[in-house]
Amino acid sequence: MPPIPCPTAARRAPRAPGPRGNWLLGSLFPFRKNPVRFLVDLHAASGDVARFRIGPQTVHVVSHPRDLRHVLQDHAKDYTRTTHGYALLRVFLGNGLLTSDGEGWRRKRRLAQPSFHRDALASFLRLMARAANDLCDTWATATARGETIDASAAMVRITLRVASEALLSTDLTEASSEIGSALTTCFAEVARRFTGIDWPLAVPTARNRRYRRAIATLNALVTTLVAERRRSPDTRPDLLSMLIAARDTDTGDALSNAEIVDEVKTILLAGHETTAHALAWAFYVVARHPEVWTTLHAEATSALGSASPHNIDLAHLAALPFARATLEETMRLYPPIWATERRAEADDVIGGFHIPRGSNVIVSPYVTHRHAEFWPDATRFDPARFLAPAKATIDRFAYLPFSSGPHQCIGNSFALMEATTILASVAARFRWRLVPDAEIPPVAVVTLRPRRPIQLALAAAHVS
Ligand code: HEM
């Protein structure tokens, strides 16, 4: 791994190409208007390392897998999350895994990692299957009434149910859930503040006051919940119990109550909307590729034939490679986290260009997943890219819906397990079409959402 060059040598490297933009605001408006379109066009015009400005902030977009390895792995400690976007998240999440860096982050990651190991997660497969089964029953009733389904809303709901049951043994989608409603306000505020310009939180506008109340309510409720669980540990095999019981094998160190509160909020946020959009986009692309549904349905009926929410296990899941490949290919074209951002803590050179200390570096899976050098016929939807033997040839830094390097998503196995179970369960029982059958463009907020709800008409599946 080449070291970071000395600052003087780095500053002698040329400036990366890119638009000058408005003298004051730089490219603020075109970027805000349609971030993913802006980034794709920027890559086409300026190449693998491009530079632009948002007001006074210099931003670089790095798109080549070799350079992503440099930022996300080889020099990860020189590229931190001290950015505006992460500051917005920190207001609500505190210092959980998603919003911290350095030694503090490393310690928490070491303690939390075993709880997210695939084998530890196997115990959640049944609650995922139960949620999928209930979803299918609800959809069967709606379909019998001649109703169409809002897949986007249904996926947000089911993934919040799964995340909250796995984490807290509670369904936060229940209307009576105070935590659920405070969370909903916080999620909506974070999303709004990502795309708009807002008063600082200290200014007592009505909206700020509501947001601060929701954060305070959420903190108080989750703190009580964690303290109660700590006082009377029970046998509930959920992630909260695992996080409370986690010990560093060398030092015996454990997470404090305050740290667990931040982790609970982080997991609820990071763990549900991302998976929801991955699934909603999968329903969309499959609706537009009926031949993919045929294979999905055949695989799902054969793999899940004998499975019920009471006996489903990892072997059933292993028999669903096509469902998993469909989700992986969906996340190539529609990565729920369309970009992540870092701050360069030292002058550096990437791809021959100077990256000044203090500038932001954007890594966009949306752009890299369409890089023609790594993805032939990049805009074509083809799940076979993720089936053996082709899958083994994919560069780890050319496909990164879960990011890569030390900050790689801790919940990737959880998400794939959940999404595969839900997609296959639905494909076993229904076929679906899009209404109206028209393209739905993505909108980049915190996650990559569909511009309008993904509305489906379902019918009971028959093998043709
Ligand atoms: C399809 C679903 C998901 C996607 C696309 C996704 C994507 C990501 C990405 C791109 C990151 C890296 C952020 C960065 O580099 O700064 C990340 C981090 C994280 N994700 Fe996920 N995620 C998903 C599901 C989940 C789930 C289900 C959980 C928890 C149950 C989760 C928990 C986290 C946490 C805690 C982090 C911070 C990791 C760290 O920095 O140590 N995610 N996720």
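Residues: numbered from 1 along the sequence shown. One-based numbering, in listed order, for ligands and for the atoms of each. Note that these values count all heavy atoms, side chains included, but never hydrogens, waters or copies made by symmetry.
- Partners of Tyr86 under the ring pair (Phe, Tyr, Trp, His ring centres under 6.0 Å) rule, at least two apart in sequence or in another chain, do not exist in this structure.
- Between Asp395 and Arg66 no salt bridge is recorded (no basic side-chain N to carboxylate O distance below 4.0 Å).
- His64 and Phe374 have perpendicular rings, their planes meeting at more than 60° on a 0 to 90° scale where under 30° would count as parallel.
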What short N/O contacts, under 3.5 Å, does ligand 1 make with the protein, listed by atom pair and distance?
unit_1   : atom_1 : unit_2 : atom_2 : d
ligand 1 : 15 (O) : Arg342 : NH2    : 2.8
ligand 1 : 16 (O) : Arg81  : NE     : 3.3
ligand 1 : 16 (O) : Arg81  : NH2    : 3.0
ligand 1 : 16 (O) : Tyr86  : OH     : 2.3
ligand 1 : 16 (O) : Arg342 : NH1    : 3.1
ligand 1 : 16 (O) : Arg342 : NH2    : 3.3
ligand 1 : 40 (O) : Arg81  : NH1    : 3.2
ligand 1 : 40 (O) : Arg81  : NH2    : 2.7
ligand 1 : 40 (O) : Leu97  : O      : 3.3
ligand 1 : 40 (O) : Trp105 : NE1    : 3.4
ligand 1 : 40 (O) : His407 : ND1    : 2.8
ligand 1 : 41 (O) : Trp105 : NE1    : 2.7
ligand 1 : 41 (O) : Arg109 : NH1    : 2.7
ligand 1 : 42 (N) : Ala270 : O      : 3.4

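- Note on ring orientation: taking the six-membered ring where Trp is involved, the planes of Phe124 and Phe414 are tilted (angle from 30° to 60°).
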Point to revise | Step-by-step side-chain hydrogen bond (donor to acceptor under 3.5 Å, both in side chains) determination, Arg396 to Gln73 | key: CA-CA 11 Å; Arg396 192 153 67 82; Gln73 178 159 305; 3.2 Å; yes
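- A salt bridge links Glu189 with Arg193; the closest basic N to acidic carboxylate O contact falls under 4.0 Å.
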